[in-house]
Amino acid sequence: MKVLVTGAWIFASAVVVGGVVKSQDASGETVAPAQQQATCNYDVDLDFFYLAEASGLSSGRSAIMPAEGKLAGASESSAVRTLGLRKSAFNFQWNSPRGVGLQVSLRPDALGASGGPVIRELDVRSGRVVEKMPTIHLLDEYRLSISKPSAQVFLGVESAVLETIRVTPELVGFGLWIRGPEKSFSAGISAPNLVNIGEAKSEDSLGFGVSLLSGRDERHDSRTEDPLDFGASPSKRDPYWGGAVKFGAHVLSGSKVVVSTAMTEEKRDGATVRLHWYQAGVRRSLVRASKPGLLLAMEMRQLRETFKRENSEISDVTLTSVGITSAIILDIENSVLLGLWSGSGEIHPEGSVARSLPVKGVQVELGWLWHIEDQLELAAIASREWRRDGHDVGGTSGAFPHGDGMRSAQSRVGVQISYKLGGQI
């Protein structure tokens, strides 16, 4: 099977890379494409962030929770206060006339962060979560690609495998939202505009992408050496692989439809875990010159985790999330942000994997986006989240810590100032 997959990959790469694009002049003679100079672009991305709970508005039924029933991964939302740098990234993109490209993202904030050897992206979610935030490194992302008019072959580590459809910034995360594989080593082929549909002048098109995928947050950037051996490569130490398939369509001159799936395997506490993600989303743009416009997106994601370990029974984990986001564009500088999120499923309680308990939650958001300058913007979002979690000791209660108990509703406010500067070297 591995031989077939490897052979298919080499053949597909040869087809895409080996193709030579030629054109004809008026006399019908073949003309080689004009040679252009290589380009190198850069951009700087700085985000300053503030997140706090509106304690006077957070309420809901509260239940005292015994110590032995403490929920796994519960974060104390009342302690979530942060003011300062959320992200600093320096991105570089180099492209040659022959279609070879290299993209690199450096994260200096990975050096100054605290909290031990594992440094992760700032988690703005609250309550129990199934998927951890991805780690950050100085060399955080990279992508080597060879592009032709019909497709692109790529290799590297990118921020996310499932494409983000939302049109609002993530300032107050929904705890039951499914993130999917992030910062994972992958290699594949992408053809986003493979087939044109509709009239000759229409921009409507169909495309697809397929990739070989390592585990969640597995960069394959570490190795070991042994003078008596050849050492151990990342794939040898972690031989679990998966894949991702994506189909996309641009229709109705302003709408985008995405359907994708991904699968990986990993080792966790002595068990083999197989993870399946499914995604379907649509985004619509209704923007007109000098008039108010609307950006609207709706997305559904589903996660299923199955476990296999000898001499033990582990229940499956399932989670389904739906998000609807919109931006009402008032003018070139100001937009109103709206969001509605819903999630439900069954996940493991603390200290037990033999059964999964129900979770259910909803979150609404209202915010404002202000483009102060071309490189500077300010976003503010207020949210209200309701959530009930099941207990291994029976019954359900609120999901957000409050004193000696748990409450079922909380309100939060997030503010972010983003500075983006770009140019060409």
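The analysis underlying the following values was restricted to heavy atoms, covering all of them including side chains, and did not include hydrogens, waters or symmetry mates. If you read the sequence from its start, that first residue is 1, and numbering goes on from there.
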Determine, step by step, whether T320 and Q302 satisfy the side chain to side chain donor-acceptor pair (under 3.5 Å) criterion, reporting the C-alpha distance in whole Å, the side-chain angles of both residues, the deciding distance to 0.1 Å, and the verdict.
CA-CA 4 Å; T320 302; Q302 189 175 66; 3.2 Å; yes
Salt bridge (charged side-chain N to carboxylate O under 4.0 Å, His left out) between E53 and R412, worked out:
CA-CA 4 Å; E53 179 185 359; R412 294 185 296 162; over 6 Å; no
Examine the side chains of [X] and [Y] and answer whether a donor and an acceptor come within less than 3.5 Å of each other.
X    : Y    : result
S315 : R355 : no
H137 : R219 : yes
Q103 : E141 : no
T39  : Q424 : no
S147 : Q152 : yes
D217 : T135 : yes
D47  : S418 : yes
R166 : T164 : no

[X] [atom1] to [Y] [atom2] distance, which is reported to the nearest 0.5 Å:
X    : Y    : atom1 : atom2 : answer
Y142 : E158 : OH    : CD    : 10.5 Å
L138 : S105 : CG    : OG    : 10.0 Å
T272 : E266 : OG1   : CD    : 10.0 Å
I165 : E299 : CD1   : CD    : 5.0 Å
L296 : L286 : CG    : CG    : 8.0 Å
Y419 : L376 : OH    : CG    : 8.0 Å

Could you give me the CA-CA distance, side-chain angles and deciding distance for S411 and R384, then say whether side chain to side chain donor-acceptor pair (under 3.5 Å) is met?
CA-CA 4 Å; S411 299; R384 178 75 168 177; 2.9 Å; yes
Looking at [Y], is its backbone amide N or carbonyl O close enough to the side chain of [X] to form a donor-acceptor pair, meaning the two atoms are under 3.5 Å apart?
X    : Y    : answer
R388 : S408 : no
S88  : D109 : yes
E131 : G180 : yes
R86  : E121 : no
R107 : D140 : no
R128 : H348 : yes

Residues 365-374 side chain polar contacts: donor-acceptor under 3.5 Å, at least two apart:
residue : atom : partner : partner atom : Å
E365    : OE1  : W341    : NE1          : 3.4
E365    : OE2  : W341    : NE1          : 3.1
E365    : OE2  : Q363    : NE2          : 2.7
W368    : NE1  : N334    : OD1          : 3.2
H371    : ND1  : E377    : OE1          : 3.2

Hey, are the side chains of M406 and R387 touching, using non-hydrogen atoms and a 4.5 Å cut-off?
no
In the structure I gave you, are the side-chain heavy atoms of R309 and V353 within less than 4.5 Å of one another anywhere?
yes
For [X] against [Y], the heavy-atom pair lying closest together:
X    : Y    : result
P169 : A379 : CG-CB, 4.0 Å
W277 : P181 : CZ3-CG, 3.5 Å
L176 : S344 : CD1-N, 4.4 Å
S321 : W177 : CB-CE3, 3.4 Å
R216 : S184 : CA-OG, 3.6 Å

Given salt bridge (charged side-chain N to carboxylate O under 4.0 Å, His left out), test K420 with D43 step by step and report yes or no.
CA-CA 7 Å; K420 296 178 174 60; D43 64 81; over 6 Å; no
Does atom CZ of R143 have more than 12 heavy-atom neighbours, drawn from other residues, nucleotides or ligands, at distances under 6.0 Å?
yes
Residue M133 excluded, over 12 heavy atoms near CE under 6.0 Å
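Enclosed: over 12 neighbouring heavy atoms sit under 6.0 Å from CE of M133.
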Does S159 form a side chain to side chain donor-acceptor pair (under 3.5 Å) with E182? I'd like the steps, not just the answer.
CA-CA 5 Å; S159 59; E182 298 176 295; over 6 Å; no
